[in-house]
Protein chains: 2
Amino acid sequence: MREEPPFATFRHLPPDKQERVLTAALAEFADQGYHQASLNRMVARAGIAKGSLYQYFPNKEGIFAYIFQYALKVVRRTLTTVKEETLEENFFVRLEKSLLAGVRFLREHPRIFSLYLKIQFDRNVPFREAFLAAVRGHATEYFASLVRRAQGRGELRPGVPEAAVLFLLDAMFDRFLQAVAVPALDVTLGLHQATDAAIHQHIRELISLLKEGLMA
Amino acid sequence: MREEPPFATFRHLPPDKQERVLTAALAEFADQGYHQASLNRMVARAGIAKGSLYQYFPNKEGIFAYIFQYALKVVRRTLTTVKEETLEENFFVRLEKSLLAGVRFLREHPRIFSLYLKIQFDRNVPFREAFLAAVRGHATEYFASLVRRAQGRGELRPGVPEAAVLFLLDAMFDRFLQAVAVPALDVTLGLHQATDAAIHQHIRELISLLKEGLMA
DNA sequence: TTCACGCATGACCACTCGGTCATATCAGAT
DNA sequence: ATCTGATATGACCGAGTGGTCATGCGTGAA
């Protein structure tokens, strides 16, 4: 007798087969977005028959939901790790290390990042709201914890509006990672082809700009 | 005898029909993105026969190219107008007015903005590189002209790295408009439902943050 | 009136999609 | 050796896609 919970059959598969399918699905969704993703291509990539896919998952949405859960798990793990690792550092150093960690994440999990980007502006993607809310929520909460700790330590100019700070950090981080990942958005800095040292230097410049402001 | 240049037949149509088709096409592409856009829906929206569409345009790409040119024209017009209108103001005031103008643009041309967003992360969209390069190029050049003028007037802290400033401005502006347009990205500020006054207030806070920095 | 030509039309085509299902395969229990 | 239930398979289905084309309409020239 088998349990019925979601994806039971899939989870009973040999691990290497599970991984082949998961990788193929993630790749297809990340490359093509939800709607353009083709299940025919997916099964071809995974080296299984189409019918098999429908024994593991109820339908296209179901496959997506699985990928989605997997991606969220990876994101959460990464964020909590970075948060703990830098807990005792100065606020601006933490920002710097966080952004570096973001770049590292992007390189280790390019498919997940690509999926996240694709979903952002594509209405009608199943679970879009939930997925974005989760990712953005985690990111904001991460920044919020940094900011509050910084305020407690007096590392921030008193009286700065917290919401505005969070917004600015979020905007800068997201855009920075986007520029690294998407050449077409990388107009101002040359991030896409840059060496790690150059990227690090840009990060330092940006953080310092945030820190000291633009005013004469 | 008719000239052969692109879209000749289409341009000879009665203006109201041209507009119906253009509106329907823009709406369909903006709502659905390039690939999900359906020509069947498009002709239904426009109230013409499918065959007619293929007398105006060579194919789906051709329709998209037309929309694309139209959108770029509107963007360019808006940017040059704002640039001229604020030429004599202080740098930070110019930033504030520019961001307000961005919000105004977004409200007047939501379809164009939506199209721009959809294209950003969807590879395989025809002319994507060209379109993004054009829009981002115009925006960056706009900011660059503001920054250079500000430097000339001594309104900027000396020694700030120009590329980093441009990046930061670009990131903040883009994200701000995205937050106004896309509820799911509007986690930190409550922009989507905000009144104009509240939006203006947020803009002032953000600019002031940029100006004075975060440091204690 | 006739002709020619630009334009309008929608049935139709080949193709791909997500999804189904009858059938085959295989492992373990009896 | 036989049975059973889980899994594997790919031909097949209806629907929707971008694109085509034979046909018809309308208007100005001859």
Side-chain angles (χ1 to χ4, degrees), chain A residues 1-22 24-25 27-29 31-68 122 124-127, chain B residues 1-22 24-25 27-29 31-68 122 124-127:
Chain A
M1 182 172 140
R2 289 281 150 115
E3 63 267 51
E4 37 180 279
F7 316 128
T9 301
F10 181 64
R11 288 192 224 267
H12 291 149
L13 253 42
D16 65 301
K17 193 169 191 175
Q18 279 188 47
E19 201 193 306
R20 259 165 46 221
V21 173
L22 187 145
E28 181 68 16
F29 281 126
D31 288 356
Q32 308 287 338
Y34 180 77
H35 290 283
Q36 281 183 256
S38 155
L39 301 189
N40 293 320
R41 276 195 302 263
M42 203 178 284
V43 296
R45 289 202 205 209
I48 63 170
K50 198 165 174 186
S52 298
L53 202 56
Y54 279 85
Q55 289 202 316
Y56 311 149
F57 305 101
N59 51 32
K60 194 179 184 180
E61 264 196 34
I63 307 170
F64 191 69
Y66 188 83
I67 296 299
F68 159 94
D122 193 348
N124 340 334
V125 171
F127 320 113
Chain B
M1 183 174 133
R2 291 277 150 116
E3 63 265 52
E4 37 181 279
F7 317 128
T9 301
F10 181 64
R11 286 193 224 268
H12 291 150
L13 253 42
D16 65 302
K17 193 169 191 174
Q18 278 189 47
E19 201 193 306
R20 258 167 46 222
V21 173
L22 187 145
E28 181 68 16
F29 280 125
D31 288 357
Q32 309 286 339
Y34 179 78
H35 289 283
Q36 282 183 255
S38 155
L39 301 189
N40 291 321
R41 276 196 301 261
M42 203 178 283
V43 296
R45 288 201 203 209
I48 62 171
K50 198 164 173 185
S52 298
L53 202 56
Y54 279 85
Q55 288 203 316
Y56 311 149
F57 305 101
N59 50 32
K60 195 179 184 179
E61 264 196 34
I63 307 170
F64 191 69
Y66 187 83
I67 296 298
F68 160 93
D122 192 349
N124 339 332
V125 171
F127 320 114

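In what follows, every chain begins at residue 1, and chains take the letters A, B, ... in the order their sequences are listed. Quick note: numbers below take in every heavy atom, side chains included, and nothing from hydrogens, waters or symmetry partners.
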Could you give the [atom1]-to-[atom2] distance, from [X] to [N], as a whole number of Å?
X       : N      : atom1 : atom2 : result
B:Leu13 : D:dG26 : CG    : P     : 16 Å
B:Gln18 : C:dC7  : CD    : P     : 12 Å
B:Phe10 : C:dG6  : CZ    : C1'   : 16 Å
A:Phe64 : C:dC17 : CZ    : P     : 18 Å
B:Met42 : D:dG16 : CE    : C1'   : 15 Å
B:Gln32 : D:dG18 : CD    : P     : 11 Å
A:Leu53 : C:dC17 : CG    : P     : 14 Å
A:Gln55 : D:dT7  : CD    : C1'   : 5 Å

Below 3.5 Å between N/O atoms, which protein atoms pair up with nucleotides 13-15 of chain C? Just atom names and distances, please.
none

ask   = Residues two or more places apart in sequence or in another chain: which of them pass side chain to side chain contact (heavy atoms under 4.5 Å, CB included) with A:Gln55?
value =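 Here no residue qualifies.
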request  = Measure the spacing between NE2 of B:His35 and CZ of B:Phe29 and express it to the nearest 0.5 Å.
outcome  =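 B:His35 NE2 to B:Phe29 CZ: 10.0 Å, rounded to 0.5 Å.
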task = Give, for atom CZ of B:Phe7 and atom CG of B:Leu13, the distance between the pair rounded to the nearest 0.5 Å.
result =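 Answer rounded to 0.5 Å: 13.5 Å.
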Heavy-atom side-chain contact between A:Phe57 and A:Leu39 under 4.5 Å =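 The answer is no; the side chains never approach within 4.5 Å.
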task = Return yes when atom CD of B:Glu61 has more than 12 non-hydrogen atoms of other residues, nucleotides or ligands closer than 6.0 Å, and no otherwise.
result =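 Counting neighbours around CD of B:Glu61, more than 12 heavy atoms of other residues, nucleotides or ligands fall under 6.0 Å, so yes.
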message = If the condition is ring pair (Phe, Tyr, Trp, His ring centres under 6.0 Å), which residues does A:Tyr56 pass it with, not counting sequence neighbours?
response =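 Expected list: A:Phe10.
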ask   = By side-chain hydrogen bond (donor to acceptor under 3.5 Å, both in side chains), which residues pair with A:Arg11, not counting sequence neighbours?
value =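 Checked A:Arg11 against side-chain hydrogen bond (donor to acceptor under 3.5 Å, both in side chains); zero matches.
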ask   = Taking only residues two or more places apart in sequence, or in another chain, which ones meet B:Lys50 in a side-chain hydrogen bond (donor to acceptor under 3.5 Å, both in side chains)?
value =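 B:Asn40.
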inquiry  = If the cut-off is 4.0 Å, is A:Thr9 near the phosphate of D:dT7, judged by side-chain N/O to OP1 or OP2?
reply    =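 Yes, A:Thr9 has a side-chain N/O under 4.0 Å of OP1/OP2 on D:dT7.
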query = Any side-chain N or O of A:Tyr56 less than 4.0 Å from the OP1 or OP2 oxygen of D:dA8?
reply =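 For D:dA8, OP1/OP2 do have a side-chain N/O of A:Tyr56 under 4.0 Å.
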message = Can you tell me how the ring of A:Phe64 sits relative to the ring of A:Phe127, calling it parallel under 30°, perpendicular over 60° and tilted otherwise?
response =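 Parallel, since the angle between the ring planes stays under 30°.
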query = Considering the terminal five base pairs at each end of the helix from C:dT1-D:dA30 to C:dT30-D:dA1, what angle separates the two local helix axes, rounded to 10°?
reply =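 It works out to 30° between the end axes.
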inquiry  = For residues 33-44 of chain B, which residue pairs pass the salt bridge (Lys or Arg N to Asp or Glu O under 4.0 Å) check, not counting sequence neighbours?
reply    =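 Applying salt bridge (Lys or Arg N to Asp or Glu O under 4.0 Å) to every pair that reaches into residues 33-44 of chain B, excluding sequence neighbours, yields B:Glu28-B:Arg41.
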key: Residue list, salt bridge (charged side-chain N to carboxylate O under 4.0 Å, His left out) with A:Asp31, at least two apart or on another chain   =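 Residues passing salt bridge (charged side-chain N to carboxylate O under 4.0 Å, His left out) with A:Asp31: A:Arg45, A:Arg111, B:Arg123.
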Using a cutoff of under 3.5 Å, can you pull out all pairs of nitrogen or oxygen atoms linking the protein to nucleotides 18-21 of chain C, with atom names and distances?
residue, atom, partner, partner atom, Å
C:dG18, OP1, A:Ala37, O, 2.6
C:dG18, OP1, A:Lys60, NZ, 2.8
C:dG18, OP2, A:Leu39, N, 2.8
C:dG18, N7, A:Lys50, NZ, 3.0
C:dG19, OP2, A:Tyr54, OH, 2.8
C:dG19, OP2, A:Lys60, N, 2.8
C:dG19, O5', A:Tyr54, OH, 3.2
C:dG19, N7, A:Lys50, NZ, 3.1
C:dG19, O6, A:Lys50, NZ, 2.8

